[in-house]
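The structure that follows is given in the form of structure tokens.
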Protein chains: 2
Amino acid sequence: MSKNKEKLKKVLHKEGLRFTSQREAVWNEIISSDEHRNADEIYMAIRLNGVLVSRATVYRTIDVLVKNNMVRKLDVGVGPSKFEHKMNAPHHDHIICIQCGRIEEFMVNQIEDLQDSVAKEYGFKLVRHIHQLFGICKDCQ
Amino acid sequence: MSKNKEKLKKVLHKEGLRFTSQREAVWNEIISSDEHRNADEIYMAIRLNGVLVSRATVYRTIDVLVKNNMVRKLDVGVGPSKFEHKMNAPHHDHIICIQCGRIEEFMVNQIEDLQDSVAKEYGFKLVRHIHQLFGICKDCQ
DNA sequence: ATTTCTTTGAGACTCATTCTCAATAAGGGC
DNA sequence: GCCCTTATTGAGAATGAGTCTCAAAGAAAT
């Protein structure tokens, strides 16, 4: 059994949820690409593969994956949220072009550390963060 | 004429928009409080003051104010967006409790500088950013 | 095999936000 | 002030992402 399938089984078990072919199909579709896709795009991709999974199940499954840190939810400021898997991908944040929608990934250790300090200072136990820079990319300027 | 009214007039003029009593009412309501309120709360507050402004106008006006950096839009992860004015208020970002919804403000110069570096590195002209830390506050832990 | 509990799918529903369009009001020129 | 042009407004319809419902189907337990 693949490592990814293992991972899914483990998380579902931890959540007290059953391993089903639908949930596997959603997870497989999400890890099959490094694109930032919305729920509907993921749903359509699964259908194109000939598998029948409802939109509701796609949303429900994504929720579980996001909650368990396997998928990141991305609010791009306009339209539906986008999702990306976090398997083997190092942590990163995003810089987004407000003209063309282009998304680049960035990661600065110093910023991560400073975030931890802020959380500590305010007595918060940090769960996640959103850090998105919006601007005009080189091509659109 | 108050400085705030001046500011609104200037921005509306710059945008080629007219100065109207409705837009003034929305702006006045927003600067009257330092709370983080959603569009509907702002709408209701205006009505309580006896002024009649439609929901559509509240949304339309907020859009202009956000675009012109007079108001900050806050996506708190669940439910409607919240808004806060930026008059005389130094720049800050937010740390949000995912249990009780409490919002604290923080500001770290070093993070701001690092953001600028990232934008520069990727060739982006930075327009705005979202930086929100989500966690469990002291009281909810 | 029977019971129990979870999951699923189809579509209804929610609710923040945006759109429509006829009526109204600003702003500029006279 | 009065016209004229053009923008703005309000009421409610429309949109659309996401969630919920509930009967049918499937898995697990006994």
> Looking at Gln22(B), does any N or O in its side chain come under 4.0 Å of the phosphate oxygens OP1/OP2 on dT8(D)?
Replying inline: no

> Out of Asp113(A), Val118(A), Ile111(A), which residue meets the side-chain contact (heavy atoms from CB on, under 4.5 Å) rule with Gln115(A)?
Replying inline: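 Only one option passes, and that is Ile111(A).
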
> Charged N to carboxylate O below 4.0 Å: is that the case for Asp75(B) and Lys82(B)?
Replying inline: no

> Side chain of Ser54(B): nearest nucleotide among dG10(D), dA10(C), dA16(C)?
Replying inline: dG10(D)

> Atom CD of Glu24(B) and atom P of dA25(C): how far apart are they, to the nearest Å?
Replying inline: 16 Å

> Atom CG of Asp75(A) and atom P of dA17(D): how far apart are they, to the nearest Å?
Replying inline: 13 Å

>> Of the listed nucleotides (dT17(C), dG9(C), dG18(D)), which one gets closest to any side-chain atom of Ala39(B)?
In response: dT17(C)

> Does the ring of Phe19(A) carry Lys9(A) above it, NZ/CZ under 6.0 angstrom from centre and within 45° of its axis?
Replying inline: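 Yes, cation above the ring, under 6.0 Å and within 45°.
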
> Counting only heavy atoms not in Gln141(B), do more than 12 sit closer than 6.0 Å to its CD atom?
Replying inline: yes

> Do the two ring centres, one from His94(B) and one from His131(B), sit under 6.0 Å apart?
Replying inline: no

> For the helix from dA1(C)-dT30(D) to dC30(C)-dG1(D), what is the angle between the axes at its two ends, each from 5 pairs, rounded to 10°?
Replying inline: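 What I find for the helix from dA1(C)-dT30(D) to dC30(C)-dG1(D) is an axis angle of 30°.
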
>> Below the 4.0 Å mark, does dG9(C) have OP1 or OP2 next to a side-chain nitrogen or oxygen of Thr57(A)?
In response: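 So the side-chain polar atoms of Thr57(A) do come within 4.0 Å of the phosphate oxygens OP1 or OP2 of dG9(C), strictly under.
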
> Counting just side-chain N and O atoms, does Tyr59(A) come under 4.0 Å of either OP1 or OP2 of dG18(D)?
Replying inline: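 Answer is yes, contact under 4.0 Å.
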
> DNA chain C: Asp63(B) or Val58(A), which has the more 5' nearest nucleotide?
Replying inline: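 The residue mapped nearer the 5' terminus is Val58(A).
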
> Between Leu74(A) (CG) and dG18(D) (P), how many Å, whole number?
Replying inline: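 From Leu74(A) CG to dG18(D) P: 12 Å.
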
>> Starting the side chain at C-beta, find the nucleotide from dG9(C), dT17(C), dA28(D) nearest to Arg18(A).
In response: dA28(D)

> What is the distance from CZ of Phe83(A) to C1' of dG18(D), rounded to the nearest Å?
Replying inline: 10 Å

> Is the phosphate of dA17(D), meaning OP1 or OP2, less than 4.0 Å from a side-chain N or O of Ser81(A)?
Replying inline: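 It does not, given that no N or O in the side chain of Ser81(A) lies less than 4.0 Å from OP1 or OP2 of dA17(D).
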
> Over how many whole Å does the gap from Phe19(B) atom CZ to dG28(C) atom P extend?
Replying inline: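 From Phe19(B) CZ to dG28(C) P: 14 Å.
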
> Which comes earlier along DNA chain C counting from the 5' end, the contact point of Ser21(B) or that of Arg23(A), where each point is its nearest nucleotide?
Replying inline: Arg23(A)

> Hey, does the side chain of Thr20(A) come within less than 4.0 Å of dT6(C)'s phosphate (OP1/OP2), counting only N and O?
Replying inline: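 Answer is no, no contact under 4.0 Å.
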
> Can you check the Leu17(B) CG to dG28(C) C1' distance for me, whole Å?
Replying inline: 17 Å

> Quick one: Arg55(A) CZ to dT14(C) P, roughly how many Å, whole number?
Replying inline: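 That distance rounds to 19 Å.
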
> Do His91(A) and His129(A) have ring centres separated by under 6.0 Å?
Replying inline: yes

> Could Arg102(A) and Glu104(A) be called an ion pair, given the rule that one side-chain N must be under 4.0 Å from one carboxylate O?
Replying inline: yes

>> Using only modelled atom types and a 3.5 angstrom limit, is any donor from either the side chain of Arg60(A) or the base of dG9(C) paired with an acceptor on the other?
In response: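 For Arg60(A), whose side chain was compared with the base of dG9(C), there is a donor-acceptor pair (under 3.5 Å).
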
> How close or far is atom P of dG16(D) from atom CG of Asn38(A), stated in whole angstroms?
Replying inline: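 Spelled out: CG on Asn38(A) to P on dG16(D) is 13 Å.
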
> Below 4.0 angstrom, N of the basic side chain to O of the carboxylate: do Lys73(B) and Glu84(B) qualify?
Replying inline: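 Looking at Glu84(B) together with Lys73(B), the answer is no, because their closest N to O distance does not fall below 4.0 Å.
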
